[in-house]
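If you're wondering where the values come from, they're calculated on a predicted model, not measured in any experiment.
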Amino acid sequence: MNVSGDRPIGAESVQFALSGDHAQVTVLPEQAAHWARTVEVPTGAGFLPESASGVFVGREEELTSLRRMLTGEGAAAVVQPRRTSARAISGLGGVGKSALALHYAHHYRDSYALVWWVSAESPETIVSGLGRITEQLCPQWARGCGPEERAAWAIAWLQAHPGWLLVFDNVEDPSHLRPYLGTLSGGHHLATSRRATGWHALAPVMPLGTLPPDEATGLLCSLAFPGQTATAEQREAARQLAEDLGCLPLALEQAGAYAYRTGIDLDTYRRSLALVLDDNRDAPSPERTIARIWDHTLTALTARDPLAVTLLHAMAWLAPDGIPRTLLAPLAPHPLALANALGELHAYNMVAFTPDREGVSVHRLVQTVLRNRDPQALGRAEAERAVRRALPPAGSQPDETTRWERLLPHVHALADTTPLNATASAETADTYERAAQYLHRQGRDAHTINLREQALAHCAEVLGDTHPDTLTSRNNLAGAYESAGRLGRAIPLYETTLAQRLEVLGDAHPHTLGSRNNLAYAYRAAGDLARALPLYETTLAQYVEVLGDTHPDTLNSRNNLAYAYRAAGDLERAIPLYKTTLAQRLEVLGETHPDTLASRNNLAGAYRAAGDLERAIPLYETTLAQYLEVLGDTHPDTVSSRNNLAGAYQSAGDLERAIPLFETTLAQRLEVLGDTHPDTLSSRHNLAGAYQSAGDLERTIPLYETTLAQRLEVLGDTHPDTLNSRHSLAGAYRAAGDLEQAIPLYETTLAQHVEVLGDTHPDTLNSRHSLAGAYQSAGDLERAIPLYETTLAQYVEVLGDTHPHTLTSRHNLAYTYRAAGDLERAIPLYETTLAQYMEVLGDTHPDTLNSRNNLAHAYQSAGDLERAIPLYETTLAQYVDVLGDTHPHTLTSRRNLAYALESAKAVQRTDAATGALDSDSQSLFRTSE
């Protein structure tokens, strides 16, 4: 049984960009990008499927409305109504959505430069469908690249050549279209879907019910009596049959094809169906209608060609569109028999041929009925055998990508339709694992969950719960959950796998080490550093012992441990470990290897976290220069490096260099990834933060509002990035003095953090801390102080007494005590915090300087100018030295000293008047926002 090994250990540092299908983005080579701009549409180019019946009757009003919607708004979705009535059937389909879209595309084809049909059941099929544009327009490049590259080229071509029509057929999840509708605005988008909801932010919707009785009668007559004018008696029989069939277009097509093929009159056909319904009764369900028709059709097919029925039952378990003849070939004794059987199915309108006639499509309702009406799961074994025979051979093959992308929809369909009483099979498990591993190699782990769930179930039943292959399958499923952000499912599965590998393979087996590393990673992602750190430390020690000090897995483990130390605020251990890892990667991998560049980036980030901008900024600059040289100007890693350098400039108060760099990064991500890509949204968020640092709230707030709206649409209401946007927008409102908007937003964000991440997750604590700060700003110290006290206690418990977040929380509690006039509690807390900042971050870290400034302010508030003034003088000198003479904090520190000196002179003159400046406004109040 060929079950793949563990997931590789990630380097965790460089942010990878994602495309519309959530796979890794590929930047087009210069030549390919040139072709995307210059290639024109040749005569006859385009792609539309063949209609099963070739007949379209009625729907003229819908066709006109559809044209009006597309020319007005550029997008439309044809969906089924949400309620069942005499003319609206929900659930299974068959109402003619695809037929209407196909007729529109043919009718208005001359109005478009290119018309292209895309099957849209999943992100993978959308990517594959778009990629076929590249195969037709730029075959010289398409032959040598993968599906993501082909889709990226197609998107670039569509952006450069307006006036096209894209038809996305059978969209299962409207959100799958967001990246394309947001990126492609030069043509028309037409979608069909069984889902009536989820379209409000994407496209206007046209609900499509069953045909009106007159149109249904006309369709039935045109199919049963082609080329003839139906008599009055025939039309009446057709009207009664159409009524019994609920005016469902698919049922009408099946009945008309049967009548034409067999010569039976429609009245006899109707009576033999035994579908006599009361006039006031709702239309029968699609499944009942189609199933009863097929009792006749399948009987006729069995008599003519039993292989046709065998093929139909097998196709019921596959994806409905584009089933290759080559996939079905093993089920037929020879090619001629296959051709004859498919011809019979086509004659009865049970299948449609693809334009090149190399594949066939089956209506989804046909599949649903065949799967659900037979408890023996007829055709399932044949479908599994056909897919297994079609798997690409093991090992890297030149055509592996193309073969896998065409086979994947059918593998997914098998996994999605597993019967409850299915027999476990090692061969089927192997099919699912091999498909999942292909997706893993493509960076699409989140799309493997159902495949891996099914593979694990088969392995556990066939091989046993602790067989090494079962353990690998369980580990891989945990990784898929983790990639999808489902840590609540991933962590228990990792824990189980580690315990079983310890028992079966031993403590130092490479797979055991991989399990331990993966579990530590999941703990860290969940904010549980108390369990992550010891596990990382143990794993690194074992990697060194088992694989050696410079093995790539050892270096990755060392990098991961350094990252965990940094997350825990332990920079004294993080920085030396990052340095060691960088030195070893330089020696083993070379100066410009991506892992080496990632190490250099990580070390720069640790220096920045330590406040050592003198070392952080040059390192970021060097790393960016190397990314530019190795990967190019718009590669996602280069853009991320540019973003990091901009952040370092912002930390140094150099907004003149930071803001243009953030603006450049946003512009590049807009061009490469599109307007609503998660990385684009992060860039927009970061630019808003830089504007806020510059005091430009007029640009900050609209940008944060836009980013929040887009994250709500793209990522959902409770995604961590959405919560971060809401939190930052609340902070901007607070900075603008708009506490009426800020406080409710903080309260909402805190409630969501608690619900999504738990009460003590670091992000939840940060949210609670910020809400306390907002209460303090509103003068509501009765709510602010207890919330600060609770948050500080939780920070101490979760992150430790000297973590930077804990120190910030303690500092702000001291500030609030001082604001309440409680200097007896404020001053000792300030003194403790300053001592801890000096110990943990060093004497000149910006946070240490901020703490020293505020302690001086507290002394001043207590009238102790003898201690306040020397502290202000020391702080000012250090600000000038560390941040420069014109940094905002330096300027505030200088004002604070001037005010203290003026106060001292006033005391000497025994002047009882208070100073003109409000001392609170001069303190460097800092939260962890």
Pair N854, N850 - check side-chain contact (heavy atoms from CB on, under 4.5 Å), show working.
CA-CA 6 Å; N854 289 349; N850 183 38; 3.7 Å; yes
Show your working on side-chain hydrogen bond (donor to acceptor under 3.5 Å, both in side chains) between S640 and R669 and close with a plain yes or no.
CA-CA 10 Å; S640 292; R669 283 178 166 163; 3.1 Å; yes
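Using modelled atom types, one side-chain atom of T892 and one backbone atom of P888 make a donor-acceptor pair closer than 3.5 Å. Judged by distance alone, with hydrogens and angles left aside, the side-chain atoms of R608 form a donor-acceptor pair with the main-chain N or O of G647 at under 3.5 Å. A distance-only check finds a donor-acceptor pair linking the side chain of S122 to the backbone of T125 [under 3.5 Å]. Checked by atom type and distance alone, the side chain of S777 pairs as donor or acceptor with a backbone atom of G773 at under 3.5 Å. In terms of modelled atom types and a separation under 3.5 Å, the side chain of T448 and the main chain of A480 share no donor-acceptor contact.
To the nearest 0.5 Å, the span separating CZ on R699 from CG on L703 amounts to 9.0 Å. Note: N643 CG to T638 OG1 = 12.5 Å, rounded to the nearest 0.5 Å. Rounding to the nearest 0.5 angstrom, the gap separating the CG atom in D721 from the CG atom in L708 is 11.5 Å. Separating the OG atom in S515 from the CG atom in L519 is a distance of 8.0 Å, to the nearest 0.5 Å. Atom CD1 of I449 is separated from atom CZ of R489 by 8.0 Å, given to the nearest 0.5 angstrom. Rounded to the nearest 0.5 angstrom, T808 OG1 and L792 CG are separated by 11.0 Å.
Between R566 and L571 the shortest side-chain heavy-atom distance falls below 4.5 Å. Inter-residue side-chain proximity for F168 and H189 is flagged as met; some heavy-atom pair is nearer than 4.5 Å. The side-chain heavy atoms of Y523 and L529, taken from C-beta on, include no pair separated by under 4.5 Å. At least one side-chain heavy atom of E124 sits less than 4.5 Å from a side-chain heavy atom of H447. Residues H412 and L439 are in side-chain contact: their nearest non-hydrogen atoms beyond the backbone lie under 4.5 Å apart. Considering only heavy atoms from C-beta on, R452 stays 4.5 Å or farther from L456 through its side chain. Side-chain contact between Y607 and Y578: absent, with no pair of heavy atoms (C-beta onward) separated by less than 4.5 Å. The closest side-chain heavy-atom distance from N602 to Y563 is not below 4.5 Å.
Heavy-atom minimum distance, T764 versus L750: O-CD1, 3.8 Å. Closest non-hydrogen pair, A826 versus A814, comes out as CB-O, 3.4 Å. Shown here for S683 and T665, the closest heavy-atom pair between the two residues is OG-CG2, 3.4 Å. Nearest approach of A478 to L493, heavy atoms of both residues: N-CD2, 3.6 Å. Closest heavy-atom contact between R531 and D528: NE-OD2, 2.7 Å. Minimum interatomic distance between H176 and P123 (heavy atoms only, all atoms of both residues): CE1-CD, 3.4 Å.
In this structure, a donor-acceptor pair under 3.5 Å is absent between the side chains of Y795 and T760. Side chain to side chain, D717 and Q752 meet the donor-acceptor criterion of an N or O pair below 3.5 Å. Between R642 and T664, the side chains place no donor N or O within less than 3.5 Å of an acceptor N or O (distance only, hydrogens not considered). Residues R684 and T707 bring no donor and acceptor atom of their side chains to less than 3.5 Å of each other. Side-chain contact check for H727 and S770: at least one donor-acceptor pair (N or O, by modelled atom type) lies under 3.5 Å. With hydrogens and angles left out, the side-chain atoms of R726 and T748 include no donor and acceptor closer than 3.5 Å. Side chain to side chain, T816 and Q776 fail the donor-acceptor criterion of an N or O pair below 3.5 Å.
Every ring pair (Phe, Tyr, Trp, His ring centres under 6.0 Å) that Y704 has, sequence neighbours left out, goes to H685. Taking H803 as the reference, H805 meet the ring pair (Phe, Tyr, Trp, His ring centres under 6.0 Å) condition, with sequence neighbours excluded.
Ion pairing between E789 and R825 holds under the 4.0 Å rule for side-chain N and carboxylate O.
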